[in-house]
**Q** 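Supplied in structure tokens, the structure appears directly below.
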Amino acid sequence: MPQSGPPSAPDHSPIPEAAPLAVPSSSSSSSASASVSSSVSVSSSEQGRARRAGLLVTFILGGLNAVPPLSMDMYLPALPEVTGALHSPAATVQLTLTACLAGMALGQLVVGPMSDKWGRRRPLLIGMVIYVVATAICAFAPTIELLIAFRLLQGLAGAAGIVISRAIVRDLYDGAEMARFFSTLMLISGVAPVAAPLIGGQILRLTDWRGVFVVLTGVGVLLTAVVWRRLHETLPPERRHGGGVGQALRTMRGLLADRVFTGYMLAGSFAFAALFAYVSGSAFVVQEIYGASPQTFSLLFGLNSIGLVAVGQLNGKVLAGRVNLDVALAVGLAAITLSAVALCLMAAGVFGDTGLVPMAAGLFVLMSAMGLAMPNTNTQALMRTKHAAGSASALLGTSSFLVGAIASPLVGIAGEHTAVPMTVVQLVCALAAVGCFVGLCRPWQQRKTGSTG
């Protein structure tokens, strides 16, 4: 009877060493030269294949990480049109964003443990197929209620790409290599939120809001096909976990009982919340308070995203392997906190009327420093959880989304004509991230333990 489990992956066993060429025994030196040449040829072939495979995995996981910002941000320019087309108030149409975000947060808690039990491929493929179906139904939804319901399902299914891509990185990499890979993924994740609204706007020039979901359906089909054909299973059967919901909950409880893991998880979540506060409030701050045009805001938003990506690449290409990950993380959190303090003082008028340029500079530093904080919190947390990478990835993702969702509405608590709430939320989140890092992770104790152990 065939074994149950994910579809079998193509063989990735090493290429057998080529046999020496048959030559007369009197030419032993020629034979040795031929053998060396053959071995060098095989070694080069293996290295080339490894590089190509690594590049392919990078693009696949990058594409899976781009699904959430594409699903959320590509749809943003269509919100006014949806309001008129489905005869619904703006507040109700906003629920289509909330439903998708909530689905992505909660879906990770379900899919992560599933991937620890059944492997990475099968839950990922199931999630991607459901994502495609839900997105296609969104494109033809006749009522706002149906659109909200299937946006929730779209988020739940799309969560598979987020949580499993992190778990796959943990399966394949360790230490500095993992930090490098997360920084590379940030290159794609940082570009997607900038490009998505622009793509959505161009789609609306050719068709209506339903066309956005048609394009997202096509993206989902393409990713599903590539995952099916090219992404191999990374969690072997001997490393999988049995049990059902009870076992999954016990695993998560054990992870949360790990003080250091929880510290990195919360530090990353609060840093993400500071970023989320920027995303939620910066448009009002830059345009309503400082009077900048939408084009200027788009330019500043793009520059900040470039800063985040650039520092993320610095972290992955230069610092990882040369600088202790906790040191890089501490520098990132310190930069976030200092920039948040400066932004808060400027918003409160301590320095008088500073204008847009100093505020934009502070936001640039804060956003760029995320390139040190976010990949290193993920890396350090997952380094402790190779036995349950799917569940750990689920907790990391869900915590970030939930803390960010709580922080986001606080940004507008005092209206659209003051930047103080946004900067206060950023400062509180930055201080909370530092507190979790220092109070729970205690990196100096880990370094001392490692040096004496």
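Remember, it's a predicted structure, so these values are computed and weren't measured experimentally. Reckoned from all heavy atoms, side chains included, excluding hydrogens, waters and symmetry mates.
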**Q** Any side-chain to backbone donor/acceptor pair from Thr262 onto Leu256? Under 3.5 Å, distance only.
**A** yes
**Q** If I compare all heavy atoms of Ile336 with all of Ala430, which pair ends up nearest, and what's the gap?
**A** CG2-CB, 3.8 Å
**Q** Walk me through whether Arg151 and Thr96 qualify under side-chain hydrogen bond (donor to acceptor under 3.5 Å, both in side chains).
**A** CA-CA 6 Å; Arg151 283 285 279 175; Thr96 61; 4.8 Å; no
**Q** Would you call Phe150 and Thr135 a side-chain contact if the rule is heavy atoms closer than 4.5 Å?
**A** no
**Q** Working note: Val403 + Phe272, criterion side chain to side chain contact (heavy atoms under 4.5 Å, CB included); need CA distance, chi angles, decisive distance, verdict.
**A** CA-CA 8 Å; Val403 176; Phe272 183 79; over 6 Å; no
**Q** Determine, for Arg240 against Asp116, whether the closest basic-nitrogen to carboxylate-oxygen distance falls under 4.0 angstrom.
**A** no
**Q** Apply side chain to side chain contact (heavy atoms under 4.5 Å, CB included) to Arg442 and Val438, showing your working.
**A** CA-CA 5 Å; Arg442 302 173 190 172; Val438 173; over 6 Å; no
**Q** Distance-only, no hydrogens or angles: does the Arg180 side chain make a donor-acceptor pair with backbone N or O of Lys317 under 3.5 Å?
**A** no
**Q** Does any part of the side chain of Asn315, heavy atoms only, come nearer than 4.5 Å to the side chain of Val311, both counted from C-beta?
**A** no
**Q** Return yes if a side-chain donor-acceptor contact under 3.5 Å exists between Tyr131 and Ser71, otherwise no.
**A** yes
**Q** Heavy atoms, side chains only, cut-off 4.5 Å: are Ile60 and Arg230 in contact?
**A** yes
**Q** Evaluate the side-chain proximity of Met265 to Val260: yes if any heavy-atom separation is below 4.5 Å, no if none is.
**A** no
**Q** So which heavy atom on Pro123 is nearest to which on Gly119, and how close?
**A** CD-O, 3.0 Å
**Q** Tell me, yes or no, whether the heavy-atom count around Arg239 atom CZ, taken from other residues, nucleotides or ligands under 6.0 Å, exceeds 12.
**A** yes
**Q** Look up atom CG in Asn376 and atom CG in Leu329, then write down how far apart they are to the nearest 0.5 Å.
**A** 6.0 Å
**Q** Identify, with sequence neighbours excluded, every residue that meets ring pair (Phe, Tyr, Trp, His ring centres under 6.0 Å) alongside Phe364.
**A** none
**Q** To the nearest 0.5 Å, tell me how far Leu299 CG sits from Asn304 CG.
**A** 9.5 Å
**Q** What are the two closest heavy atoms between Ser88 and Thr83, and how far apart are they?
**A** O-CG2, 2.8 Å
**Q** Is there a donor-acceptor pair closer than 3.5 Å between any side-chain N or O of Arg121 and the backbone N or O of Val227?
**A** yes
**Q** Looking at Arg253, is its backbone amide N or carbonyl O close enough to the side chain of Arg250 to form a donor-acceptor pair, meaning the two atoms are under 3.5 Å apart?
**A** no
**Q** Taking side chain as C-beta onward, heavy atoms only, is Cys441 less than 4.5 Å from Gln380?
**A** no
**Q** When you measure from the side chain of Ser399 to the backbone N and O of Leu396, does any donor-acceptor pair fall under 3.5 Å?
**A** no
**Q** Do Thr92 and Ile148 have side chains that get closer than 4.5 Å, going by heavy atoms?
**A** yes
**Q** If I take atom CG from residue Leu146 and atom SG from residue Cys138, how far apart are they, to the nearest 0.5 angstrom?
**A** 8.0 Å
**Q** With ring pair (Phe, Tyr, Trp, His ring centres under 6.0 Å) as the criterion, how do Phe437 and Phe270 come out once you've worked through the C-alpha distance, each side chain's angles and the decisive distance to 0.1 Å?
**A** CA-CA 11 Å; Phe437 178 60; Phe270 282 115; over 10 Å; no
**Q** Give, for atom CD of Glu233 and atom CG of Leu124, the distance between the pair rounded to the nearest 0.5 Å.
**A** 9.5 Å
**Q** When you measure from the side chain of Thr423 to the backbone N and O of Val420, does any donor-acceptor pair fall under 3.5 Å?
**A** yes
**Q** Please walk me through it: do Leu109 and Leu395 pass side chain to side chain contact (heavy atoms under 4.5 Å, CB included)?
**A** CA-CA 7 Å; Leu109 288 177; Leu395 289 173; 4.1 Å; yes
**Q** Within a strict 4.5 Å, meaning less than it, do heavy atoms of the Gln154 and Leu216 side chains meet?
**A** yes
**Q** For Thr251 and Ala388, which heavy atoms make the closest approach, and how far apart are they?
**A** CG2-CB, 3.6 Å
**Q** Between atom OH of Tyr264 and atom SG of Cys436, what is the distance when rounded to the nearest 0.5 Å?
**A** 12.5 Å
**Q** Is the side chain of Arg120 donor-acceptor paired with the backbone N or O of Ser115 at a distance under 3.5 Å, no angle test?
**A** yes
**Q** How long is the span from the CG atom in Leu156 to the CE atom in Met104, to the nearest 0.5 Å?
**A** 9.5 Å
**Q** Tell me, do Leu231 and Ile168 make a side-chain contact under 4.5 Å, heavy atoms counted?
**A** yes
**Q** If you compare all heavy atoms of Arg210 against all heavy atoms of Leu86, which two are closest, and at what distance to 0.1 Å?
**A** NH2-CD2, 4.0 Å
**Q** Go through the side-chain N and O atoms of Gln108 and Arg166 and say whether any donor and acceptor fall under 3.5 Å apart.
**A** yes
**Q** Do the two ring centres, one from Phe213 and one from Tyr75, sit under 6.0 Å apart?
**A** yes
**Q** Going through the checks in order, is the side chain to side chain contact (heavy atoms under 4.5 Å, CB included) test met by Leu64 and Ile162?
**A** CA-CA 6 Å; Leu64 293 172; Ile162 314 171; over 6 Å; no
**Q** Verify, without hydrogens or angle tests, whether Gln313 (side chain) and Ser183 (backbone) share a donor-acceptor contact under 3.5 angstrom.
**A** yes
**Q** Which heavy atom of Ala271 sits nearest a heavy atom of Ala373, and at what distance?
**A** CB-CB, 4.4 Å
